[in-house]
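For reference, positions follow the sequence shown, starting with 1.
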Amino acid sequence: MATPAEILNTSDERRVGATHLTTLTLKIRRYNPQVSDDAWWDEFTIQVDPFERLVEALHQVKWHHDGTLTFRRSCAHGICGSDAMVINGRNALACKILVKDVAPKVTIEPIRGLAVLKDLIVDMEPFFDGYRAVLPYLVNDEETERERIQTPEERERYDDTTKCILCAACTTSCPIFWADETYIGPAAIVNAHRFIFDSRDRAPRERLGILSEKTGVFRCRTTFNCTEACPRGIEVTKAIQEVKRAILFDRV
């Protein structure tokens, strides 16, 4: 019987220590205010493992071709959300895109709707301002001698929106956010949803009051861009609609 290592080594999909590289051209939108007031495009052609992630291709460019290339990344496993960027016109995490799925040429730009600071790095503060505005934490000052119990059904009610990693992919895919910087954005609404429908929380009406303002949930035009962009598969548009209904029909 073959060992797991032997199976992997002979797999048509992925061989351990594979040496067959593919050619990838990265067309990257660059910006450096110390160099130019205008953005420009650079292209780099490299040899890379087709089963490697795009973030590693960017590493290769930065480490071996142009050390001035700047982008955010941290865990490289789709958890921290720091390497969100526009890849071939769509918001995605560079650490979740395989080279084979974008070769032979990929276009990379910073996420939209936020000011670009340098290359692929944007100013995230407006995004986090919206997040902080919805009280994204459990509010409950009731004294208790034990943990606050929930049924599986109560936990399931908001399970989907607990998956948010604050990558901003959903918010920066939203046409309303591009045009109106005061719009609180899909990610903030998702994080509000997570606590609005948490049976242990005692501040759902405060959050609903915030989201009922003109900069809140009713700015959404239901284009589903946010749902499509979410790298965690959260049903963002559904969560937004549930918050709208909670405001309109006083259902929490």
**Student:** Taking F44 as the starting point, is it possible to reach V99 by hopping between hydrophobic residues whose side chains are less than 4.5 Å apart?
**Tutor:** yes
**Student:** Compare every heavy atom of H193 with every heavy atom of A239, then report the nearest pair and how far apart it is.
**Tutor:** O-CD2, 3.6 Å
**Student:** Closest heavy-atom contact between Y31 and W40?
**Tutor:**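 Nearest pair, atom of Y31 first, then W40: CA-CZ3, 4.0 Å.
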**Student:** Between L117 and T70, is the side-chain contact (heavy atoms from CB on, under 4.5 Å) condition met? List the steps.
**Tutor:** CA-CA 10 Å; L117 301 179; T70 307; over 6 Å; no
**Student:** Would E56 and R53 satisfy salt bridge (Lys or Arg N to Asp or Glu O under 4.0 Å), going step by step from the backbone distance to the final call?
**Tutor:** CA-CA 6 Å; E56 297 301 340; R53 295 158 301 163; 3.3 Å; yes
**Student:** How close do A246 and L208 get, counting heavy atoms only, and between which atoms?
**Tutor:** CB-CD2, 4.1 Å
**Student:** Let me check something: do F71 and W63 share a hydrophobic cluster, defined by ILVMFWY side-chain heavy atoms less than 4.5 Å apart, either directly or through other members?
**Tutor:**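 No; W63 is not reachable from F71 via cluster members.
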**Student:** Once rounded to the nearest 0.5 Å, what's the spacing between atom CZ of R200 and atom CD of E147?
**Tutor:** 10.5 Å
**Student:** Atom NZ of residue position K163 - does it have more than 12 heavy atoms of other residues, nucleotides or ligands inside 6.0 Å?
**Tutor:** yes
**Student:** What is the distance from atom CG of N191 to atom CD1 of I196, rounded to the nearest 0.5 Å?
**Tutor:** 10.5 Å
**Student:** Take a 6.0 Å sphere around CD of E154 and say whether it holds more than 12 heavy atoms from other residues, nucleotides or ligands.
**Tutor:** yes
**Student:** Find the distance between CG (L211) and CZ (F218) and round it off to the nearest 0.5 Å.
**Tutor:** 9.0 Å
**Student:** Under 3.5 Å, which donor-acceptor pairs do the side chains of residues 122-130 form with other protein atoms, sequence neighbours left out?
**Tutor:**
from : atom 1 : to   : atom 2 : distance (Å)
D123 : OD1    : E125 : N      : 3.1
E125 : OE1    : R132 : NH2    : 3.0
D129 : OD1    : R132 : NH2    : 2.7

**Student:** Using a strict cut-off of less than 4.0 Å between a Lys/Arg side-chain nitrogen and an Asp/Glu carboxylate oxygen, indicate whether D66 and R30 qualify as a salt bridge.
**Tutor:** yes
**Student:** With the 4.5 Å side-chain cut-off for hydrophobic clustering, are I97 and L69 part of the same group?
**Tutor:**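 Yes; L69 is reachable from I97 via cluster members.
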**Student:** Using a 3.5 Å distance criterion without hydrogens, assess whether the side chain of E52 forms a donor-acceptor pair with backbone atoms of D49.
**Tutor:** no
**Student:** With sequence neighbours excluded, what pairs up with K27 under the side chain to side chain contact (heavy atoms under 4.5 Å, CB included) test?
**Tutor:** W41, E43, K105, T107
**Student:** Rounded to the nearest 0.5 Å, how far does CD1 of I189 lie from OG1 of T237?
**Tutor:** 10.0 Å
**Student:** Indicate yes or no: at least one non-hydrogen side-chain atom of R112 is less than 4.5 angstrom from one of V86.
**Tutor:** yes
**Student:** Enter the distance from T227:OG1 to I240:CD1 here, rounded to the nearest 0.5 Å.
**Tutor:** 7.0 Å
**Student:** Side chains of C220 and K244, heavy atoms from C-beta outward: is any pair under 4.5 Å?
**Tutor:**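 Yes, close enough: below the 4.5 Å cut-off.
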**Student:** Do D141 and R202 have side chains that get closer than 4.5 Å, going by heavy atoms?
**Tutor:** no
**Student:** Just wondering, do I108 and L54 contact through their side chains at under 4.5 Å, heavy atoms?
**Tutor:**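 In contact.
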**Student:** Spell out, as yes or no, whether a donor-acceptor pair under 3.5 Å connects the side chain of D198 to the backbone of L138.
**Tutor:**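 Not confirmed, D198 side chain does not pair with L138 backbone.
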**Student:** Would a 4.5 Å heavy-atom cut-off, applied to side chains only, mark C164 and R232 as touching?
**Tutor:** no
**Student:** Kindly compute the distance separating CH2 (W178) from CG (L114), expressed to the nearest 0.5 Å.
**Tutor:**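 Rounded to the nearest 0.5 Å, the CH2-CG separation comes out at 12.0 Å.
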**Student:** I want to check something: taking the side chain as every heavy atom from C-beta on, are V134 and F195 in contact at a cut-off of under 4.5 Å?
**Tutor:** no
**Student:** Taking all atoms of both residues into account, what is the closest heavy-atom pair of P50 and H20, and its distance?
**Tutor:** CD-O, 3.3 Å
**Student:** Between T215 and T182, what is the shortest heavy-atom contact and its length?
**Tutor:**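 Closest approach of T215 to T182, heavy atoms only: CB-O, 3.3 Å.
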**Student:** Do I46 and I87 share a hydrophobic cluster (ILVMFWY, side-chain heavy atoms under 4.5 Å, transitive)?
**Tutor:**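 Linked, I46 and I87 end up in one cluster.
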**Student:** Quick one: do D119 and I28 satisfy side-chain contact (heavy atoms from CB on, under 4.5 Å)? Show the steps, please.
**Tutor:** CA-CA 8 Å; D119 292 341; I28 305 173; over 6 Å; no
**Student:** Using a 6.0 Å cut-off, check whether atom CD of E156 has over 12 heavy atoms from anything other than its own residue.
**Tutor:** no
**Student:** Run the side-chain donor-acceptor check on residues 165-173: report pairs under 3.5 Å with partners two or more places apart or on a different chain.
**Tutor:**
from : atom 1 : to   : atom 2 : distance (Å)
T171 : OG1    : A187 : N      : 3.1
T172 : OG1    : N91  : ND2    : 3.0
T172 : OG1    : A168 : O      : 2.7
S173 : OG     : A169 : O      : 3.4
S173 : OG     : C170 : O      : 2.7
S173 : OG     : N225 : O      : 3.3

**Student:** Test your reading of the model: is there a side-chain donor-acceptor pair from S82 to the backbone of S74, 3.5 Å cut-off?
**Tutor:** yes
**Student:** Does a side-chain heavy-atom distance below 4.5 Å link K62 with R73?
**Tutor:** yes
**Student:** Thinking salt bridges, do D83 and R72 make one under a 4.0 Å N-O criterion?
**Tutor:**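 The answer is no: the pair does not qualify as a salt bridge.
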**Student:** Evaluate the side-chain contact (heavy atoms from CB on, under 4.5 Å) criterion for residues V217 and I247: first the C-alpha distance (whole Å), next the side-chain angles of each, then the deciding distance (0.1 Å), finally the verdict.
**Tutor:** CA-CA 9 Å; V217 70; I247 294 171; 3.6 Å; yes
**Student:** Starting from the C-alpha separation in whole Å, work towards a yes-or-no answer on side-chain contact (heavy atoms from CB on, under 4.5 Å) for L58 and M85.
**Tutor:** CA-CA 12 Å; L58 287 167; M85 51 192 74; 3.8 Å; yes
**Student:** Show, in sequence, the C-alpha distance, side-chain angles and deciding distance for E242 and R157, and conclude whether the salt bridge (Lys or Arg N to Asp or Glu O under 4.0 Å) test is met.
**Tutor:** CA-CA 11 Å; E242 289 181 350; R157 178 66 184 85; 3.2 Å; yes
**Student:** Are V102 and L120 connected in a single hydrophobic cluster, I mean Ile/Leu/Val/Met/Phe/Trp/Tyr linked by side-chain heavy atoms less than 4.5 Å apart?
**Tutor:** yes
**Student:** If you take all heavy atoms of V139 and A203, which pair is closest and at what distance?
**Tutor:** CB-CB, 3.7 Å
**Student:** Report yes if some heavy atom in the side chain of R207 is under 4.5 Å from a heavy atom in the side chain of D201; otherwise report no.
**Tutor:**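 Side chain of R207 against side chain of D201, heavy atoms only: contact under 4.5 Å found.
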**Student:** Does either side chain, that of T22 or that of Q47, offer a donor lying less than 3.5 Å from an acceptor on the other one?
**Tutor:**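 Side-chain D/A pair, T22 to Q47: absent.
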